Amino acid sequence: MASILDASDSSEKKQLTGASFRHRRGEEGGEGALTGMIRVEKVLGRSVATTVYARYPLKYLLPSKVASSRVDCVWIYAISYGGGILSNDAISQAVEVGGDGCSVVITTQSSTKIYKPRMPGDMAQQFLRARVAENGFLALLPHPITCFRASRYVQLQEFVLALDASLLLVDWFTSGRIDSGETWDFELYRSTNHVFLEEEAEAEEAQEEESPENPKAGSEAQESEGQGSGGGSVASVVTLDSAGGSGRSKSQLQPGHSSSRSRSCRPLLLDCVHLENGVGLSIAERMAGFHVMAMVVLYGPRLQELRKNMESKVEEMTKQAFNRRISSAFTASLKKEKEKNHRHHHHHHNNNPAAAATESSLPTAATSDGDHGSHGDGVSSNCASQLPLIFASCSPIGVSDEGLVVRIIARSTETVYDFLTEQLATVVSLIGACPYSSSR
Amino acid sequence: MDHAKQNKDPEEEEDGEPRKEQDVHTGRRSVMQEWSTWQLIDSILPTGGFAHSYGLEAATQAGLVYDASTVSTFAVTTLENAGALLLPFVCSASKQTTTTEDWILLDSELHAVLTNHVARAASLSQGKALIRLASSVFPEITDEVKSMRACIQEKNNKKKKTTAAARGAHGHHAIVFGRLFGLLGLDSLTAQRAFLFLSLRDVLSAATRLNLVGPMEAALLQHRHASLAEAVLVKYANRGVEDAYQTAPLLDTLQGAHNLLFSRLFCS
């Protein structure tokens, strides 16, 4: 990392940052090229994906019939071969959304699986960097990430928003292959989301942006491809900087410096959720029987109505979840789980403590009222249905609280899908369809 | 990490000078710094820290925390989260080389890192209280503290400014705390350890006020978790702010709902 501090030339710094991002994350032999690149612009009044490039293990599909024809929005499915990411793979994407009302939805076909490492220390990585120009709109609405046992996954998403740009981001993950009982069994899950607001450059700061990692420079060869509706890989190899942006560079406390823009960027949200068995409790213990975690970020003029709806919905949900009857049921279920674990430990003292630890995270409706009917603690089978299924809270972000970040934690993926589908109905007129309402 | 050495002479950590070369004057200075350290972590310091429950009240009303054992797990989880998320800011702010401008940038970064509005408001209220206090209690650093306070007032000015430095600071607790230690010549590791000490102390104090544990039991837990707190320090001390992350999303979600609780004892 010392080399970053020494690099005076900022393009060199970008390259170094990219290299160190990979190095820091443990990947060796990382190339400088992007796995995927998207550019959406207004062409003759409609949003069009003018650059769509992907190479193995990524593929883009741009079905034209997703959004209703009345809605001007490009839909892009980012598909990874095998529906997941192998442990030593890294997928890096650069997205450029044009201005003037340009709209794009980027989603996935199903949940992204993170597979068990083949070599110890291997890690699956995803990196996405997006810039949304003035009045542009980016909706990143993937299905959740599911980490398999022993897997390691690191994700970094960076968004730079110009004035009046809008962003709708859903970032979520599940505890694992819940149906097989594999829950909170991964080694590392780390998701970083940085949202910056571009600001007018001061006179002395205004410079031409360097092109090495600007998709524009590299994609000129492909613009003649016209509307990249096929979404397949492009023959001409575009070797761009992997556009590091691993975070805030140490040498400059200036936030946003590492996003490598010459305009100044003001940080709106710098969030990183890192789950690893640490010094204190295990992940499973920390999650107290919940299996899905989601974060929704809303920012920009297009999303004001959704923002209001979300706030009132979250308020309603909170009042329900903190209701005394529900919270007592929650307490009772936690106590039961502990009791069960305690007994389990005694019986299976010498076998497989790991399994016991895993069990502690499964107070599902089936188990919580099954075996313990004889205990007179008043928790009947009815109570299980009264357990809080979902907790949510929201916080404003932004200069004058114009954006919103919502955090959701739920017992089942279904619950979160329902929540998202219900909320996204508000913006169907903007995006044309809902990525979460069909079969999961 | 040689803990015995830390306690004996915090200064040695910082500049690496062997003890025997320090004169009597410096020796006395380091002892007086101990007094300042103890004052800064004493409950009697009027920082208003006891108005905040760090999400404990919300977790209790949700049914997640209900007895000494769950208070214990809550404390442990919160401590690790404080280490992972906030210690980098305490660390950077407490460096002797940190200027007021650096401090403003750290503050704006911390503001974006604290995505939970309840935690954010608590941080601001405690930070501002601490800085108000510092200007009268520690006259030896009054100029620097005044300039920090001026930055915070600048923030409230609401005039549209383009650079982070010109916009002023919000006054977040972790960076005010860290900077205060730095200005007083206390070493960075002490600042970080003190910050964790405060986090543990405040959670257990809130637990007592919420009647989850009695004061004796709280004291027992405080002692019991000291070694874990030190383990958190060992793992998370001296990290850069770009490495800050949160490790307890369930508690974060619950804390974020605090303002919607029907009846509450604490501000946050």
Side-chain angles (χ1 to χ4, degrees), chain A residues 190 192 194-195 199-202 205 246-250 253-255 258 264 266-276 278-281 285-288 290 293 295 314-315 318-319 321-322 324 326-332 334-335 338 388 391-397 405 407-409, chain B residues 58 60-67 69-70 73 76-77 79-80 83-85 92 101-102 105-106 108-120 160 162-164 167 228 231-232 234-236 240-258 260-262:
Chain A
R190 178 192 176 113
T192 307
H194 292 168
V195 182
E199 302 193 297
E200 280 161 23
E202 302 267 284
E205 284 176 331
S246 62
R248 287 80 77 195
S249 104
K250 268 185 187 160
L253 295 171
Q254 174 97 1
S258 64
S264 75
R266 171 202 221 135
L268 285 179
L269 179 96
L270 297 169
D271 183 62
C272 178
V273 174
H274 179 110
L275 294 182
E276 190 176 20
V279 173
L281 300 183
E285 286 169 298
R286 260 178 272 165
M287 290 305 176
F290 288 93
M293 275 234 61
M295 177 174 79
V314 167
E315 186 166 335
T318 302
K319 297 210 163 119
F322 282 83
R324 187 143 285 187
I326 304 262
S327 59
S328 312
F330 187 27
T331 301
L334 290 173
K335 282 182 176 167
K338 273 197 181 161
F391 280 115
S393 63
C394 57
S395 302
I397 51 167
V405 55
R407 288 213 197 261
I408 298 144
I409 187 158
Chain B
T60 306
Q61 287 202 22
L64 182 69
V65 177
Y66 48 85
D67 63 7
S69 156
T70 46
T73 55
V76 158
T77 307
L79 206 50
E80 181 159 22
L85 191 67
S92 291
E101 249 179 32
D102 293 333
L105 291 173
L106 277 175
S108 84
E109 191 151 334
L110 182 51
H111 194 77
V113 162
L114 288 171
T115 56
N116 165 346
H117 71 128
V118 174
R120 206 159 57 209
K160 186 176 174 169
T162 41
T163 62
R167 274 194 293 265
L228 185 131
V232 168
V234 166
K235 179 166 179 180
Y236 295 107
V241 296
E242 68 277 5
D243 289 331
Y245 55 69
Q246 56 154 310
T247 57
L250 170 57
L251 298 189
D252 187 72
T253 308
L254 291 176
Q255 187 183 22
H258 184 94
L260 294 173
L261 297 182
F262 184 66

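A quick note: this is a predicted structure, and the numbers were derived from the prediction, not measured. A, B, ... follow the sequence lines: proteins, then strands. Residue 1 opens every chain.
Between P249(B) and M287(A), some side-chain heavy-atom pair lies under the 4.5 Å cut-off. Residues T115(B) and M295(A) have side chains not in contact (no heavy-atom distance under 4.5 Å, counting atoms from C-beta outward). The shortest distance between side-chain heavy atoms of R120(B) and I397(A) falls below 4.5 Å. At least one side-chain heavy atom of T253(B) sits less than 4.5 Å from a side-chain heavy atom of M293(A). F322(A) has its side chain out of reach of L260(B): every pair of non-hydrogen atoms, C-beta onward, lies at least 4.5 Å apart. Looking at heavy atoms from C-beta onward, Q255(B) lies out of side-chain contact with S393(A) at the 4.5 angstrom threshold.
With a threshold of 4.5 angstrom between heavy atoms, Q246(B) approaches chain A through its backbone and through its side chain. The contact between V405(A) and chain B is made entirely by side chain atoms (from C-beta outward), counting heavy-atom distances below 4.5 Å. With a threshold of 4.5 angstrom between heavy atoms, L268(A) approaches chain B through N, CA, C or O but not through any side-chain atom. At a 4.5 Å heavy-atom cutoff, the contact between V76(B) and chain A is made by side-chain atoms alone. Of the two parts of T318(A), only the side chain, counted from C-beta on, holds a non-hydrogen atom closer than 4.5 Å to a non-hydrogen atom of chain B. The contact between K335(A) and chain B is made by backbone and side chain atoms together, counting heavy-atom distances below 4.5 Å. Using a 4.5 Å cut-off between heavy atoms, T77(B) contacts chain A through its side chain alone, with no backbone atom that close. When heavy atoms are compared at a cutoff of 4.5 Å, L85(B) does not approach chain A at all.
With S327(A) contributing its side chain and G63(B) its backbone, the two residues share no donor-acceptor pair below 3.5 Å. A donor-acceptor distance shorter than 3.5 angstrom exists from the side chain of R286(A) to the backbone of T247(B), with no hydrogens or angles considered.
Taking every heavy atom of both residues into account, P267(A) and S108(B) meet most closely at CG-O, 4.2 Å. Minimum interatomic distance between A62(B) and F330(A) (heavy atoms only, all atoms of both residues): O-CD2, 3.1 Å. Here the closest non-hydrogen pair linking A257(B) and A392(A) is CB-O, 4.3 Å.
Interface check for chain A: of the options F262(B), Y236(B), Y66(B), the most heavy-atom pairs under 4.5 Å are formed by Y66(B).
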Check against side chain to side chain contact (heavy atoms under 4.5 Å, CB included), T73(B) and E285(A): CA-CA 9 Å; T73(B) 55; E285(A) 286 169 298; over 6 Å; no
